[in-house]
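Keep in mind that what you see is a predicted model, and the values were worked out from it rather than measured.
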Amino acid sequence: MRIIALFLPLLFSTSAFAQPGEPSTQPSGRPDPASADEWSVTLGVAPVVSPAWEGSDDVILSVFPDVRINYGDTIFASIPDGIGWNAVNVGGWKAGPLAKLRFGRDQDGGGSPFAISGSSDALSGLGDIHVSAEIGGFVEKRFGARRQWAGRIETVRGFGGHEGVVADVSLSYQLRSGRAIVNVGPRASFATDDFMQVYFGIDADQSLASGLGRYSPDGGLVSYGVGGTLIRPIDRQSAITVFSSFKMLGDDAAGSPLVRERGRREQVSIGIGYGYRFGL
């Protein structure tokens, strides 16, 4: 789970929160135009119901802290989005470097260090996956008559728990209803075989310890699905966000004996968050 991932991917490996750099779509809002060149901090919390690990049939309840630091629309740092810099920010285009953390996986319970209820014993014998640092970059383009569409690609390389390359692709459409803001759209994740082997592969030792058959997946599609957020500002400094996602694991991920025998291909997450923003 990416520490976002969370989320959000969320994580959260594909994020349940809005993408960074969307001024009006963040759960707790971006700085107002008057504070475009100022630092701001957002503090919040987000209970999330999700699978215990990617591919799990067991459900857990986690409470994620949502801490965000922004310098206008230039620098962003948060748990779900990582640390990034909008080095390019013109004509609806944004691009720049990005660094994130991806939580690993605990064979005794699952993948969320913020879990407060629920667990999974399906990972017994597979060993733990350590936290990974992920470093790379992103490109985003907003378009449409009101720039209501946003396409985004993130590509990062892992260090630590996994050594693979992961690419997240998303497209979202934004609409407004009164003060509420809705974002919805498809998303997909791709990864090299190094990542796939860590999270879905089973080597000889793991097979002996877990009772699952050996498996060596190829790189490719990790998952695909749709996600959305509904953001309701309370005032100029705070907001409530409801978010959810549905995704299907790709063939190589879903073909793992871990998923086929102890999990499921379909993955659903839902949560609600509150955030309060203040300037520095």
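Looking at Glu154, its side chain never comes within 3.5 Å of a backbone N or O of Asp168 through a donor-acceptor pair. Side chain of Arg262 to backbone of Ala122: a donor-acceptor contact under 3.5 angstrom is found. Ser132 places a side-chain N or O within donor-acceptor distance of the main-chain N or O of His162, the cut-off being under 3.5 Å. With hydrogens and angles disregarded, no donor-acceptor distance shorter than 3.5 Å links the side chain of Gln267 to the backbone of Phe246. A donor-acceptor distance shorter than 3.5 angstrom exists from the side chain of Arg142 to the backbone of Arg147, with no hydrogens or angles considered. Side chain of Tyr215 to main chain of Asp252: a donor-acceptor pair is present (N/O by atom type, distance under 3.5 Å, no hydrogens or angles). Side-chain atoms of Arg265 never come within 3.5 Å of backbone atoms of Met248 as a donor-acceptor pair (strictly under, hydrogens ignored). Of the possible polar contacts, none joining the Arg214 side chain to the Ser207 backbone as a donor-acceptor pair under 3.5 Å is found. Between the side chain of Asp106 and the backbone N or O of Asp108, at least one donor-acceptor pair lies under 3.5 Å. Put simply, the side chain of Lys141 gets close to the backbone of Gly91: a donor and an acceptor are under 3.5 Å apart.
Taking 4.5 Å as the limit, some side-chain heavy atom of Asp73 sits within range of a side-chain heavy atom of Lys94. Side-chain contact between Val67 and Thr42 is absent, with no heavy atoms from C-beta onward closer than 4.5 Å. Between Ile60 and Ser117, the closest side-chain pair of non-hydrogen atoms is not below 4.5 Å. Looking at Thr229 and Val182, their side chains never come closer than 4.5 Å, going by heavy atoms from C-beta outward. The closest side-chain heavy-atom distance from Val165 to Val156 is not below 4.5 Å. Side chains of Arg102 and Val166 form a contact here, defined as non-hydrogen atoms less than 4.5 Å apart. Side chains of Val48 and Leu61 form no contact here, defined as non-hydrogen atoms less than 4.5 Å apart. Side-chain contact between Leu249 and Ser223: present, with at least one pair of heavy atoms (C-beta onward) separated by less than 4.5 Å.
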Decide side-chain contact (heavy atoms from CB on, under 4.5 Å) for Ile234 and Tyr276; before the verdict, give the C-alpha distance in whole Å, the side-chain angles of both, and the deciding distance to 0.1 Å. CA-CA 10 Å; Ile234 299 173; Tyr276 180 84; over 6 Å; no

Residue pair Glu134, Lys100: steps toward the salt bridge (Lys or Arg N to Asp or Glu O under 4.0 Å) verdict: CA-CA 5 Å; Glu134 296 181 334; Lys100 295 185 173 183; over 6 Å; no

Evaluation steps, side-chain contact (heavy atoms from CB on, under 4.5 Å), between Leu171 and Trp149: CA-CA 7 Å; Leu171 177 67; Trp149 290 94; 4.0 Å; yes

Can Glu163 and Val198 be said to form a side-chain contact (heavy atoms from CB on, under 4.5 Å), step by step? CA-CA 9 Å; Glu163 303 288 331; Val198 170; over 6 Å; no

So Tyr274 and Ile240, side-chain contact (heavy atoms from CB on, under 4.5 Å) or not? Walk me through it. CA-CA 5 Å; Tyr274 169 80; Ile240 292 176; 4.0 Å; yes

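By the rule that hydrophobic residues join a cluster once side-chain heavy atoms approach within less than 4.5 Å of another member, Trp53 and Val49 end up as members of separate clusters. Hydrophobic clustering places Val131 together with Phe64 (ILVMFWY residues linked when any side-chain heavy atoms are closer than 4.5 Å, directly or through intermediates). When the side chains of ILVMFWY residues are joined at heavy-atom separations under 4.5 Å, either directly or via intervening members, Val59 and Val63 end up in a single hydrophobic cluster. Transitive grouping of hydrophobic side chains (ILVMFWY, heavy atoms separated by less than 4.5 Å) brings Ile69 and Phe278 into a common cluster. Under the 4.5 Å side-chain contact rule for hydrophobic residues, Ile181 and Leu175 do not share a cluster.
Once rounded to the nearest 0.5 Å, the distance linking CD of Gln107 with CG of Leu126 reads 7.0 Å. Atom CG of Asp121 and atom CG of Leu123 lie 8.5 Å apart (nearest 0.5 Å). Taking CD of Gln197 as the start and OG of Ser256 as the end, the distance is 9.0 Å to the nearest 0.5 Å. Interatomic distance, OG of Ser78 versus CG of Asp66, reported as 6.5 Å (0.5 Å rounding). Note that the CZ atom of Phe190 and the CZ atom of Phe195 stand 13.0 Å from one another [nearest 0.5 Å]. Taken to the nearest 0.5 Å, the CG atom of Leu258 stands 8.0 Å off from the OG atom of Ser210.
Side-chain N/O atoms of Thr74 and Asn86 include no donor and acceptor closer than 3.5 Å. No hydrogens or angles considered: a donor-acceptor pair under 3.5 Å links the side chains of Ser238 and Asp235.
Residue-environment remark: CZ (Arg179) exceeds the threshold of 12 foreign heavy atoms within 6.0 Å. No more than 12 heavy atoms of other residues, nucleotides or ligands shown are found within 6.0 angstrom of CD1 on Ile83.
In terms of heavy atoms, Val222 sits closest to Glu54 at CG1-OE2, 4.0 Å. Closest approach of Asp205 to Asp203, counting heavy atoms only: N-OD1, 3.2 Å. Pro233 and Ala239 get closest at one heavy-atom pair: CA-CB, 3.7 Å. When all heavy atoms of Gly109 and Ala52 are compared, the closest pair comes out as O-CB, 4.2 Å. In terms of heavy-atom proximity, Gly219 sits nearest to Met196 at CA-CG, 4.1 Å. Of all heavy-atom pairs spanning Leu221 and Tyr224, the tightest one is CD2-CD2, 3.5 Å.
Arg68 forms no cation-pi arrangement with Phe76, by the criterion of a distance under 6.0 Å to the ring centre and an angle within 45° of the ring axis.
For Glu266, the salt bridge (Lys or Arg N to Asp or Glu O under 4.0 Å) partners two or more places apart in sequence, or in a different chain, are Arg264.
Taking the six-membered ring wherever Trp is involved, the centroid distance between the rings of Phe103 and Phe114 falls below 6.0 Å.
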